[in-house]
Amino acid sequence: MRYLPIVKLKPGMVLGQDIFNGEGKMLLKRHFILNRKYIDALGKYGFPGVYIDDEFTVGIEIEQVLSPEIRCHTLKMVHDFFLSDDTELNGREQEIEEVVNKIVNEILNDGDVMYNLMNLKAYDDYTYFHSLNVGMIAALIGAHYHMSEEELKILVTAALLHDIGKKFLKIEVLNAKRALTKEEQKIVRKHPKLGYEFLKRNFDFDPSVCEGVLEHHEWNNGEGYPLHKSGEDISIYARIIKIADVYDAMTSKRPYHKELCPADAVEYIMSMNETEFDPETVKIFVKWIAVYPVGCEVKLSDGRRAIVEKNTPDFVLRPVIRVLDSGEVIDLKTDVDARHLTIVGMQN
Ligand SMILES: [Fe+2]
C-alpha cells in the first residue's frame, strides 16, 4: 500500500485501509474501489489523504502500533466520554479501564513496532482521533521508558483523557476555522485545570492520572502552564503526553494550518529539546517515530522518487525504499552503493 494525498486520488483506485469516523464507526472498508463521489466526500470530511493498494506497492504493509479493533474501540470510548453529561458518567471509569488494559497488553506483547502512520483524521472529529493518537504514541514511549504495566496504565489513561477539559469549552472556539483571538486563547489555556477538576470530581482514578492531565502543557524550562513547573518536577506522565500531543497536533491538518510532514515535526521537537521537552523523552521519541513513514513517497538526492518500504529504530533517516518505475529496492542503511544517496523530501 502507499499513502496518497486526497488531491492525487483517482476514480478506480483501491482503498488500502479501513476508514473510521471519530465515533469509531467504519465509513469505508479496505479494498473498496474509489469513485469521484467518495473521493470528494473524503475531502469534505477533512481527511488529508488515504492509503491505497496498487500493483507497484504489493508487499508494503504498515505494522500498526495497535490493531484496528482496539483503535476503533478507543475512538468510540473517547467520543462517548467527551460527549456524556454528568448524569451519564456511571460506568465510564470501567469502560476506560477496559480499553486501557487492551492497549497496554498489546504494547507489552508487541512493543517493538515503530509509529509509522501518516496522520489521517477528519477535521471535525479532531479531538477523538487526537486523543487516540496521543494514547498510542505515549504508550510506545512509555514502553521504551521501561515503565511497569501499572505505570503504563496510568500513562495511557491520562493520555487518552489529556484534553478532556476541552469538553467544557465552546465548540465554535475548539473547531474555529481561523486563528484564535487573545481572549479565546486565554480560555483554551484553562483546559488542563478544567480536565483535572472534572476527573477528580467524578472518578476515582490514580492521582497520577489527574496530575498527567493537569501538567501536559508544562515546558521543561518552566515556561508552560498552568503551574509553570520545570524539569523533573513535571510528572513523567505529563512529560511524555506533552511530546505526543505536540507531534500529533503539528502533523494534523487543521482548518487554520496545513499539516507538517513527520520530518518537519520531528525536527521541531529536536530543536526544542530541553526548552519545551524533556530530553530523556525526546531521545526515545526520535528513535521510535518514523521520520519517513512506510508507504510514503520520498524524493531522492539524485532526482528519483521512491516509496518507503521499511523503517528501523535508530536509523530513521535511512529506511528501505522501493524506487518508482524501476522497482529497485535499496536499503539506505546497509547498501554501500547507496551511501551518497539521501532522502531530500517527502510528498504529502
Ligand atoms: Fe491540551
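Not measured: the values here are computed from a predicted model. First listed ligand is number 1; within each ligand, the first listed atom is number 1.
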Exercise for the section: Quick one: do H144 and K287 satisfy side chain to side chain donor-acceptor pair (under 3.5 Å)? Show the steps, please. Expected result: CA-CA 10 Å; H144 292 287; K287 179 171 171 178; over 6 Å; no

Practice task
Before accepting this row, confirm whether a basic side-chain N of the pair E23/K25 lies closer than 4.0 Å to the acidic partner's carboxylate O.
Solution key: yes

Handout entry: For S230, side chain to side chain contact (heavy atoms under 4.5 Å, CB included) partners two or more places apart
Key = none

Completion exercise
Under 2.8 Å from the Fe ion (ligand 1), the protein N, O or S atoms found are D163 OD1, H191 NE2, H216 NE2, H217 NE2

Fill in the blank from the handout: Rounded to the nearest 0.5 angstrom, the OH-CD distance for Y237 and E215 is 12.0 Å

Exercise for the section: Drop me the distance from E274's CD to N221's CG, to the nearest 0.5 angstrom. Expected result: 10.0 Å

Exercise for the section: Compare all side-chain heavy atoms of R2 with those of L324 and state whether any distance is below 4.5 angstrom. Expected result: yes

